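If you're wondering where the values come from, they're calculated on a predicted model, not measured in any experiment. So you know, we letter chains A, B, ... as the sequences are listed, proteins then strands, and number each from 1.
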Amino acid sequence: MCLAIPAKVKSIEGHEGDVEVGGISRKASFMLTPEVMVGDYVLLHTGYAISIVDETEAKETLKLLEELAQQGAVYS
Amino acid sequence: MQFIHEYRDPDLGRKLVQRIHRKSRKPARLMEFCGGHTFAILKNGIRDLLPSNLELVSGPGCPVCVTAISDLDKAIFLSHLPQTITTTFGDMVRVPGSHGSLASARVEGADVRIVYSTMDALDIAQENPQSQVIFVGIGFETTAPTIAASIVEAQRREIDNYHVLPLGKLCPPVMGALLKMGETKIDGIIGPGHVSTIIGSRPYEFIPREYGVPFVISGFEPLDILLAVEMLVEQIEEEDPKVEIAYRRGVKPEGNARAQQLMEEVFEVSNANWRGIGEIPRSGLSIREKFSHFDALKAYDIEPGLSREPKGCICGEILRGIKNPQDCRLFRRACTPENPVGPCMVSSEGSCAAYYRYGGEDG
Ligand code: SF4
């Protein structure tokens, strides 16, 4: 029930708008993320954007994963 | 980037698994708190990839499963009232109460509707001014702000036929309760991703401080979970327990301030009853006096009678991490997703449902 999936913000009108998930358009509430902008990715939970996905951190985590994987492979 | 496939790369995953094997020496039991993690772990076969000294146990992180049967009975009681539309998230409908379920109430004529969002419940109230609309408000911190938002919005739109049955629950207190009971050995916790999106990482600080247990907040893709396990292993091997975030794209240490503010405005912390665990102080959410006209507990005399747990169901022990679904005599026999005996077999985050689907031979 705590499922939340990344969705791309397509339009914003007041506290509501449209997001896209896997090519499908859905209505979303931005009451919990008033600072959202069109083009952002949000985590969508039961129709509410509960946060804006942090793209910089997303890339950092991937970089970290790759570094850890490299070290793992070298020593094993 | 779409923030999904990047975290499913099998090659990276293999290397990360090798690293965990190389590094992990001490035997450790890691609890994945969240039912969503249990599903992802079983679905991706992560349990089998880990070294044999690491054991994964599921925790109580399934809002449907931890809803006390007496609270479910209240929802079923309300659904039978005339001129009432009961709205709820899908998983709640088929959970057996003491006498039937919301689904069987529907067969008997009750108007029970599954909604995807609290906004939908509010729209139903607006479109049906002659009826009373009740939302069965289960959920953890992830969902509580959306319930709060619907109440604030009902106020703003002057919708007075909308009531919430407040059954919201808080995660840090139940973790504290489990650690305090000490029934099950926990050497590390894979922390809930989306609960933490809302509350941040700080409310868990007491876990390493008071119990010496490592805590890493994880996302839900396979690489997210492997990263969290890797970080837990590091903490365990170094004997350096702390709270860390392996899901930085979704969780900030301070959480979502706006969501916390809405929760704070509408709810106050109260004691709550957890299935299989009992009453835990300050682990639930009640509606504040200021919004009491939206509180179903205040608006109705709810007399569901005596509740009784389903016979033979060991959901409670599974939620406390002391038993596995396979330990239940009814598992796969009398209890299946088509004919569930307990909530852990109904919910899309329930351990029994996860083991039934992905558990393999012995599952
Ligand atoms: S298998 Fe069914 S009866 Fe057994 S614990 Fe799980 S939900 Fe309860």
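For a residue to count as touching a neighbouring chain, one of its non-hydrogen atoms must lie under 4.5 Å from one of that chain's; by this rule B:Y247 touches chain A with the side chain only. Contacts between B:F89 and chain A at a heavy-atom distance below 4.5 Å involve the side chain alone, from C-beta outward. Both the backbone and the side chain of B:P145 have a heavy atom closer than 4.5 Å to some heavy atom of chain A. Heavy atoms of B:N256 lying under 4.5 Å from chain A belong exclusively to its side chain. With a 4.5 Å cut-off on non-hydrogen atoms, B:I138 touches chain A through its backbone and its side chain both.
Contacts between residues 39-59 of chain A and chain B, counted as heavy-atom pairs separated by less than 4.5 Å, involve A:Y41, A:L43, A:L44, A:H45, A:T46, A:G47, A:Y48, A:I50, A:S51, A:I52, A:V53, A:D54, A:E55, A:E57, A:A58, A:K59.
For B:R258 against A:P34, the heavy-atom pair with the smallest separation is CG-CD, 3.8 Å. Contact between B:M1 and A:L62 at its shortest, heavy atoms only, is CE-CD1, 3.4 Å. Here the closest non-hydrogen pair linking A:P6 and B:Q2 is CB-O, 3.8 Å.
Partners of B:C34 according to the disulfide bond (SG atoms under 2.5 Å apart) rule, which considers only residues two or more places apart in sequence or in another chain, do not exist here. The disulfide bond (SG atoms under 2.5 Å apart) search around B:C171 returns none, not counting sequence neighbours.
Considering CG of B:L16 and CD of A:E66, their distance stands at 11.0 Å, rounded to 0.5 Å. Atom-to-atom distance recorded for A:M31:CE and B:L262:CG is 5.5 Å, nearest 0.5 angstrom. Separating the CD1 atom in B:I198 from the CG atom in A:L32 is a distance of 6.0 Å, to the nearest 0.5 Å. The distance from the CG atom of A:L65 to the CD atom of B:E6 is 11.0 Å, given to the nearest 0.5 Å. Between atom OG1 of residue A:T61 and atom CG of residue B:L223 there is a gap of 10.5 Å, rounded to the nearest 0.5 Å. In this structure, CG in A:L64 is found 10.0 Å from CZ in B:R248, a value given to the nearest 0.5 Å.
At most 12 non-hydrogen atoms from other residues, nucleotides or ligands lie less than 6.0 angstrom from CD of A:E13.
Contact count versus chain A (heavy atoms, under 4.5 Å) is highest, among B:A259, B:A246, B:P63, for B:P63. For the options B:K23, B:K252, B:Q260, heavy-atom pairs under 4.5 Å to chain A are most numerous at B:K252. If you tally non-hydrogen atom pairs under 4.5 Å between each of B:L12, B:V115, B:V195 and chain A, the highest count goes to B:L12. Chain A forms more heavy-atom pairs under 4.5 Å with one residue of B:T146, B:D91, B:V152, B:V251 than with any other, namely B:T146. The residue among B:P192, B:S117, B:A148 with the most heavy atom pairs within less than 4.5 Å of chain A is B:S117.
Here salt bridge (Lys or Arg N to Asp or Glu O under 4.0 Å) pairs that include residues 15-29 of chain A, with residues two or more places apart or in two chains, are A:K10-A:E20.
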